[in-house]
Amino acid sequence: MLIKIGRFDCTECWDGVFYKNLSNYPNITEWETQTIMDFVEYEAKYGRTCDIEAEEVVLNRIKEYKTIGKNKKRVSVPKKITECTACPKYKGCITDFVCHTSPIENAIKIFDCGSLLSPVLARGIPAKELKAEKRNAANDPEDYFDYIMFAWGNCQSGDRLVMERKLGRFPNKIDLSIDFTPGVRFFFRYHEIVQHPNTIFEGVLPLKIKDEVVLKNWVYAIIVPTIYQDIVNQHIPENLKEKIHFIQNDCKDIWEWSEKVYEYVKKI
């Protein structure tokens with residue numbers, strides 16, 4: 001794997017390259033350094049090595065962290081992360097909540113079983129086959145499919161992925177505005193879900209969890225677009241009824257929807 005540290009639109013992992021966007025390049029914070037080392041350690045766990053490309057001042061900071069960082073406690077997540085500033089209102093990721101977003105057909109299966117499941121468990125397909133699918137556009141390694149992935153609570157990336165899977169291609173501006181259909185969002189308080197015994201930090205996402213998350217034990221709120229209310233009401237288990245909130249999508253685009261949902265969840 002290759003880690004490129006510099007100025008990018010956002011932080012992401014794509015086709016074997018981890019693009020790490022620093023919030024104030026070339027200055028690197030202790031939090032950002034920790035996420036880079038999280039990525040290195042995760043990849044090493046699965047037998048992959050990492051090379052790092054960055055300016056000398058950044059590489060020196062990482063070397064210093066390697067020397068003294070292992071004996072320190074984890075750096076607390078900042079209240080706001082500005083590695084991606086695409087969202088119109090927040091200009092960054094707000095870290096009080098994380099969420100997992102599913103298309104309605106998958107959400108119904110989640111309600112029926114009561115848990116979020118990794119792709120391998122949810123679909124009953126070996127990781128090797130999931131990796132080979134066309135929908136794996138980022139060319140993620142096999143082990144990625146053993147985990148449930150989470151985005152920050154105010155982020156639109158989960159709904160964007162839902163649209164991508166629905167269309168079978170990358171969504172355009174019309175897909176994310178006039179033709180936008182939101183998924184179902186499962187929200188978790190960050191400081192609670194990090195205590196899950198299968199939580200792992202891999203440097204790219206806020207966190208991911210191996211195998212399963214039992215909703216009744218962990219979920220904070222479930223946001224369902226009102227267009228799905230009738231069908232969802234047929235599948236909600238009794239122990240999740242108080243967690244369900246139906247919201248109308250009267251928004252102009254994916255950004256406005258993400259803002260509306262996040263602001264609603266904050267007020268619950």
Side-chain angles (χ1 to χ4, degrees), residues 7-15 17-21 23 80-110 116 119 122 130 133-140 144 148-188 204-206 208 221-232 244-267:
R7 294 186 181 93
F8 307 106
D9 291 337
C10 63
T11 290
E12 64 177 343
C13 187
W14 191 269
D15 198 17
V17 181
F18 176 26
Y19 297 93
K20 180 65 175 179
N21 183 44
S23 55
K80 180 178 178 179
I81 298 172
T82 56
E83 294 174 21
C84 174
T85 58
C87 51
K89 178 174 181 177
Y90 307 104
K91 296 297 182 183
C93 300
I94 313 301
T95 63
D96 46 358
F97 292 98
V98 295
C99 74
H100 178 86
T101 308
S102 296
I104 183 59
E105 58 271 20
N106 288 358
I108 289 170
K109 295 177 183 177
I110 291 167
L116 297 180
L130 293 175
E133 288 184 336
K134 183 180 179 181
R135 61 190 282 173
N136 182 21
N139 194 28
D140 290 336
Y144 281 37
I148 304 150
M149 301 187 180
F150 296 83
W152 293 114
N154 69 310
C155 185
Q156 46 71 50
S157 61
D159 272 308
R160 184 182 288 267
L161 183 58
V162 166
M163 287 298 294
E164 180 183 324
R165 297 280 167 78
K166 175 184 175 180
L167 298 167
R169 57 173 171 78
F170 293 119
N172 56 39
K173 288 184 178 180
I174 294 176
D175 299 323
L176 300 179
S177 53
I178 297 171
D179 295 337
F180 173 57
T181 53
V184 176
R185 292 197 183 198
F186 298 83
F187 278 84
F188 304 80
V204 185
L205 302 169
K208 59 186 185 183
I222 303 170
I223 305 300
V224 182
T226 52
I227 58 171
Y228 304 131
Q229 186 165 355
D230 289 343
I231 188 171
V232 166
I244 299 285
H245 302 264
F246 295 99
I247 298 182
Q248 182 180 0
N249 176 25
D250 54 1
C251 303
K252 66 180 181 181
D253 57 23
I254 191 173
W255 302 103
E256 193 171 292
W257 169 253
S258 296
E259 179 184 327
K260 180 177 183 177
V261 170
Y262 172 70
E263 292 297 328
Y264 180 94
V265 171
K266 282 202 308 180
K267 295 174 182 177

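Heavy atoms only: backbone and side chains are in, while hydrogens, waters and symmetry mates are out.
- To the nearest 0.5 Å, atoms CD1 (Ile108) and CD1 (Ile231) are separated by 3.5 Å.
- Checking side-chain atoms of Asn139 against main-chain N and O of Asp15 turns up no donor-acceptor pair under 3.5 Å.
- Separating the CD1 atom in Ile223 from the CG atom in Asn249 is a distance of 13.0 Å, to the nearest 0.5 Å.
- In this structure a side-chain-to-backbone donor-acceptor pair under 3.5 Å is missing from Lys208 to Tyr144.
- Rounded to the nearest 0.5 Å, atoms CG (Asp96) and NZ (Lys80) are 12.5 Å apart.
- Ring geometry for Trp14 against Phe170 counts as tilted: the plane angle lies between 30° and 60°, on a 0 to 90° scale.
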Q. Can you check side chain to side chain contact (heavy atoms under 4.5 Å, CB included) on Thr95 and Trp152, steps first, answer last?
A. CA-CA 6 Å; Thr95 63; Trp152 293 114; 3.5 Å; yes
Q: Check the pair Ser258 / Arg185 against side chain to side chain donor-acceptor pair (under 3.5 Å), numbers first and verdict last.
A: CA-CA 10 Å; Ser258 296; Arg185 292 197 183 198; 2.9 Å; yes
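- Lys260 has a carboxylate O that lies under 4.0 Å from a charged side-chain N of Asp250, or vice versa, which qualifies the two as a salt bridge.
- Open room surrounds NZ on Lys109; 12 or fewer heavy atoms of other groups in view lie less than 6.0 Å from it.
- Between the side chain of Thr11 and the backbone N or O of Asn21 there is at least one donor-acceptor pair closer than 3.5 Å.
- We find that Arg165 and Glu105 are not joined by a salt bridge, their nearest charged nitrogen and carboxylate oxygen being 4.0 Å or further apart.
- When all heavy atoms of Val98 and Pro206 are compared, the pair lying nearest together is CG1-CB, 3.8 Å.
- Using a cut-off of 4.0 Å between Lys/Arg side-chain N and Asp/Glu carboxylate O, Lys20 and Glu83 are scored as salt-bridged.
- To the nearest 0.5 Å, atom OG of residue Ser102 and atom CG of residue Leu161 are 9.5 Å apart.
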Q. Taking it one step at a time, do Phe187 and Ile222 satisfy side chain to side chain contact (heavy atoms under 4.5 Å, CB included)?
A. CA-CA 6 Å; Phe187 278 84; Ile222 303 170; over 6 Å; no
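- The backbone N or O of Cys93 sits nowhere less than 3.5 Å from a side-chain atom of Asn154 that would complete a donor-acceptor pair.
- Put simply, CG on Asp175 and CZ on Arg160 are 10.0 Å apart, with the number rounded to the nearest 0.5 Å.
- Between Pro182 and Trp257 the shortest heavy-atom distance is CB-NE1, 3.3 Å.
- Closest of all the heavy-atom pairs between Trp255 and Ala86 is CH2-CB, 3.7 Å.
- Scanning both residues, Val184 and Pro225, for their nearest heavy atoms gives CG2-CD, 4.4 Å.
- Annotation for Leu176 and Pro171: closest pair CD2-CB, 3.8 Å, computed over non-hydrogen atoms.
- Using the six-membered ring where Trp is involved, Phe186 and His100 have ring planes that are tilted, between 30° and 60° apart.
- Taking all atoms of both residues into account, the shortest heavy-atom contact from Glu256 to Cys251 is OE2-CA, 3.2 Å.
- Atom CG of Leu205 sits about 9.0 Å away from atom SG of Cys13, to the nearest 0.5 Å.
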(Q) Please evaluate residues Glu263 and Lys266 with respect to the criterion side chain to side chain contact (heavy atoms under 4.5 Å, CB included), reporting the C-alpha separation (whole Å), side-chain torsions for both, the decisive distance (0.1 Å), and the verdict. (A) CA-CA 5 Å; Glu263 292 297 328; Lys266 282 202 308 180; 3.2 Å; yes
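- Within a 6.0 Å sphere centred on CG of Asp9, heavy atoms belonging to other residues, nucleotides or ligands number 12 at most.
- Put simply, the side chain of Ile104 reaches to within 4.5 Å of the side chain of Val232, judged on heavy atoms.
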